[in-house]
Amino acid sequence: NKLILLLNECRVKEYIDAYEKLLARAGKKPYPLLKLNLSAGYIEQGHPKQALELLESLPAFPENRSGAAGRLCRNGNLAVCHRRLGNLDAAERLTELLRAELEDAPAKLPQREDFVRQCDEETMLLSMARGNFEGAAAFFEKQLAASPTLRSRVADHYALAWASTQAGDPAKAKEHLEYVAAHGGDTWYVPAARERLRKLRMK
């Protein structure tokens with residue numbers, strides 16, 4: 001829980017360092033959950049290819065209740081990796097699989113709300129990646145109002161900046177990007193936001 005807190009506070013370098021040390025201590029033991037959590041750090045740091053390689057090296061999680069959370073997390077992280085790498089068809093298939101598995105998962109599954117949020121966000125981000133921004137601003141405004149962590153708020157602001165730019169509202173996009181640049185910590189969003197701000201100032 002302490003390590004997840006680091007990630008949620010956008011202290012990604014500390015998070016990755018801690019998990020890499022844990023894996024080094026584990027030696028040849030697989031510890032799939034350690035690798036699964038480390039992949040989330042690589043994604044937030046802006047290294048989807050590295051995260052994808054780690055996720056693809058994981059053994060299959062059990063096809064039962066005990067393996068449900070692991071399967072959901074793996075498929076969710078895989079979907080993000082493929083979207084970031086431009087493999088939109090693969091990302092869509094994985095998101096559909098995530099939604100189907102979520103519906104079949106135990107009713108009292110821990111972090112169910114987090115998985116639902118991730119699935120809904122990924123669906124919208126994929127739509128935006130294909131050039132369809134219909135409903136995007138309203139969706140992420142609603143998500144932002146309920147964002148439970150700094151990490152999710154930064155992601156929502158970044159998505160809203162993207163939607164505002166497409167809607168022809170550079171002033172609003174600038175506000176969202178400035179929030180990301182100020183609060184995004186070690187995430188990949190910060191350099192991306194600064195670059196977008198630079199381009200907005202040039203116009």
Side-chain angles (χ1 to χ4, degrees), residues 3-16 37 39-48 51 72-73 75-86 88 91-92 94-96 98-99 102 110-200:
L3 294 184
I4 293 298
L5 185 62
L6 289 176
L7 190 63
N8 286 337
E9 292 177 346
C10 297
R11 295 159 62 186
V12 183
K13 290 179 182 177
E14 293 176 66
Y15 176 89
I16 289 175
N37 289 341
S39 74
Y42 289 152
I43 288 170
E44 292 302 307
Q45 199 175 46
H47 300 298
L72 288 165
C73 190
N75 288 335
N77 287 1
L78 280 170
V80 175
C81 288
H82 280 291
R83 174 173 53 79
R84 295 264 183 90
L85 291 168
L88 301 186
E92 284 182 349
L94 285 159
T95 303
E96 289 169 2
L98 175 63
R99 194 175 297 280
L102 190 54
Q111 299 178 315
R112 173 179 284 277
E113 290 185 6
D114 292 339
F115 286 124
V116 171
R117 176 188 174 91
Q118 181 182 8
C119 194
D120 290 343
E121 285 190 355
E122 192 60 26
T123 299
M124 180 56 74
L125 288 168
L126 280 165
S127 181
M128 294 165 72
R130 291 194 182 278
N132 179 13
F133 288 81
E134 183 178 356
F139 175 87
F140 282 105
E141 287 286 2
K142 184 177 179 180
Q143 291 290 91
L144 179 60
S147 286
T149 66
L150 177 61
R151 174 190 176 197
S152 58
R153 289 192 292 275
V154 165
D156 291 338
H157 274 287
Y158 190 81
L160 283 165
W162 187 11
S164 297
T165 300
Q166 291 296 317
D169 192 346
K172 200 165 188 179
K174 183 173 177 288
E175 289 178 10
H176 291 301
L177 290 170
E178 286 176 342
Y179 178 94
V180 174
H183 298 92
D186 302 327
T187 66
W188 71 273
Y189 293 106
V190 172
R194 288 173 178 164
E195 177 61 17
R196 289 198 173 204
L197 282 168
R198 185 186 68 81
K199 290 180 178 178
L200 283 173

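We count residues from 1, following the sequence as given. Scope of the values below: all heavy atoms of this structure, side chains included, with no hydrogens, waters or symmetry mates.
The nearest pair of heavy atoms linking S152 to P148 is OG-CD, 3.4 Å. Shortest non-hydrogen contact noted between A51 and S39 is CB-O, 3.5 Å. Here the closest heavy-atom approach between residue S147 and residue R153 is recorded as CB-CG, 3.2 Å. The two atoms that bring L7 and G41 nearest to each other are CD1-CA, 4.3 Å, heavy atoms only. A181 approaches V190 most closely through the heavy-atom pair O-CG1, 4.1 Å. The two residues G184 and V154 make their nearest non-hydrogen contact at CA-CG2, 3.9 Å.
Between N37 and L3 there is no side-chain heavy-atom pair separated by less than 4.5 Å. Here the side chains of E122 and L98 are not in contact, with every heavy-atom distance at 4.5 Å or above. Contact check for D120 versus R99: side-chain heavy atoms found under the 4.5 Å cut-off. Side-chain contact between L126 and R83 is present, with heavy atoms from C-beta onward closer than 4.5 Å. Side-chain contact between N77 and V80 is absent, with no heavy atoms from C-beta onward closer than 4.5 Å. With a 4.5 Å cut-off on side-chain heavy atoms, E44 and R151 count as touching.
Here the CD atom belonging to Q118 is positioned 9.0 Å from the CG atom belonging to L72, to the nearest 0.5 angstrom. With rounding to the nearest 0.5 Å, the separation of SG in C81 from NE2 in H47 is 12.0 Å. Considering CG of L6 and CD1 of I16, their distance stands at 11.0 Å, rounded to 0.5 Å. Between E141 atom CD and L160 atom CG the span is 5.0 Å, to the nearest 0.5 Å.
Residues satisfying the ring-ring contact (aromatic ring centres under 6.0 Å, His included) criterion with F140, sequence neighbours excluded, are absent altogether. Taking D114 as the reference, nothing meets the salt bridge (Lys or Arg N to Asp or Glu O under 4.0 Å) condition, with sequence neighbours excluded. For R117, the salt bridge (Lys or Arg N to Asp or Glu O under 4.0 Å) partners two or more places apart in sequence, or in a different chain, are E121, D156. Residues passing the ring-ring contact (aromatic ring centres under 6.0 Å, His included) test with H157 are H176, Y179, sequence neighbours excluded. With sequence neighbours excluded, no residue forms a ring-ring contact (aromatic ring centres under 6.0 Å, His included) with Y42.
Residues D169 and S164 bring no donor and acceptor atom of their side chains to less than 3.5 Å of each other. Donor-acceptor pairing under 3.5 Å is lacking for the side chains of R196 and T165.
Of the possible donor and acceptor atoms, one in the side chain of R112 sits under 3.5 Å from a partner among the backbone N and O of L102. With D186 contributing its side chain and K13 its backbone, the two residues share a donor-acceptor pair below 3.5 Å. Of the possible donor and acceptor atoms, one in the side chain of R84 sits under 3.5 Å from a partner among the backbone N and O of I43. No donor-acceptor distance shorter than 3.5 angstrom exists from the side chain of Y15 to the backbone of N8, with no hydrogens or angles considered.
For residues 126-139, the pairs satisfying salt bridge (charged side-chain N to carboxylate O under 4.0 Å, His left out) are D89-R130, E92-R130, with sequence neighbours left out.
Here E195 pairs with R198 in a salt bridge; the nearest charged N to carboxylate O distance falls below 4.0 Å.
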